[in-house]
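In what follows, every heavy atom counts, from backbone to side chain, and hydrogens, waters and symmetry copies are set aside.
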Amino acid sequence: MRTVICNSIQSFWDMAENQMLEGLNVHCVFPVSDNLKSLIEIYQQQYRINQISFSDVLN
C-alpha cells in the first residue's frame, strides 16, 4: 500500500479535499494536538483515507 507523507496541515487539507488521498495511507510529520488529530480522523472517514499515522515529536 502506498503512503503519502504530509509535511504540513495545509498539504493534508489540500490533498484530501482534492480526493488525492482516497484509498491511501497517510503519514503526518507535522505537530498535531489532540483536537487536530480528532479533526484529521473525521477527514479520514469523509475522504476515505485508508490509514493515518503521526510522527512523535520530541521536545
Side-chain angles (χ1 to χ4, degrees):
M1 180 63 61
R2 289 184 13 187
T3 299
V4 175
I5 306 297
C6 291
N7 293 318
S8 70
I9 189 64
Q10 187 63 49
S11 66
F12 173 81
W13 259 257
D14 289 345
M15 288 189 283
E17 290 177 350
N18 287 295
Q19 287 84 33
M20 296 173 70
L21 302 176
E22 186 173 324
L24 300 176
N25 294 333
V26 174
H27 183 71
C28 300
V29 295
F30 51 88
V32 293
S33 65
D34 288 338
N35 289 338
L36 183 55
K37 192 179 281 190
S38 296
L39 182 59
I40 288 172
E41 289 170 352
I42 292 169
Y43 265 63
Q44 179 180 5
Q45 296 211 358
Q46 181 177 352
Y47 292 104
R48 298 184 199 119
I49 299 168
N50 187 37
Q51 184 175 335
I52 299 179
S53 59
F54 302 91
S55 289
D56 290 330
V57 177
L58 300 174
N59 292 330

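- With rounding to the nearest 0.5 Å, the separation of OG1 in Thr3 from CG in Asn50 is 9.0 Å.
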Test log, rule side chain to side chain contact (heavy atoms under 4.5 Å, CB included), inputs Ile49 and Phe12: CA-CA 11 Å; Ile49 299 168; Phe12 173 81; 3.9 Å; yes

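- Counting non-hydrogen atoms of neighbouring residues, nucleotides and ligands closer than 6.0 angstrom, the CG atom of Asn18 exceeds 12 such neighbours.
- Under the 4.5 Å side-chain criterion, counting only non-hydrogen atoms from C-beta, Ile5 is in contact with Val29.
- Atom CE of residue Met20 and atom OG of residue Ser11 lie 10.0 Å apart, to the nearest 0.5 angstrom.
- To the nearest 0.5 Å, atoms CD1 (Ile42) and NZ (Lys37) are separated by 14.0 Å.
- We find the OG-CZ distance between Ser8 and Phe30 to be 7.0 Å, quoted to the nearest 0.5 Å.
- The line from CD of Glu41 to CG of Leu36 is 10.0 Å long, rounded to the nearest 0.5 Å.
- Note that the CD atom of Gln46 and the CD atom of Glu22 stand 11.5 Å from one another [nearest 0.5 Å].
- Closest approach of Gln44 to Gln51, counting heavy atoms only: NE2-CA, 3.6 Å.
- You'll find the side chain of His27 stays beyond 4.5 Å of the side chain of Phe54, heavy atoms only.
- Side-chain contact between Ile52 and Tyr43: absent, with no pair of heavy atoms (C-beta onward) separated by less than 4.5 Å.
- For the pair Val26/Leu21, a side-chain contact is recorded, criterion being any heavy-atom separation below 4.5 Å from C-beta on.
- At a threshold of 4.5 Å between non-hydrogen side-chain atoms, the residues Val32 and Ile40 count as touching.
- Counted within 6.0 Å of CD on Gln45, heavy atoms from surrounding residues, nucleotides or ligands total 12 or fewer; the atom is thus considered open.
- Annotation: side chain of Tyr47 is in contact with side chain of Gln19 (closest heavy-atom distance under 4.5 Å).
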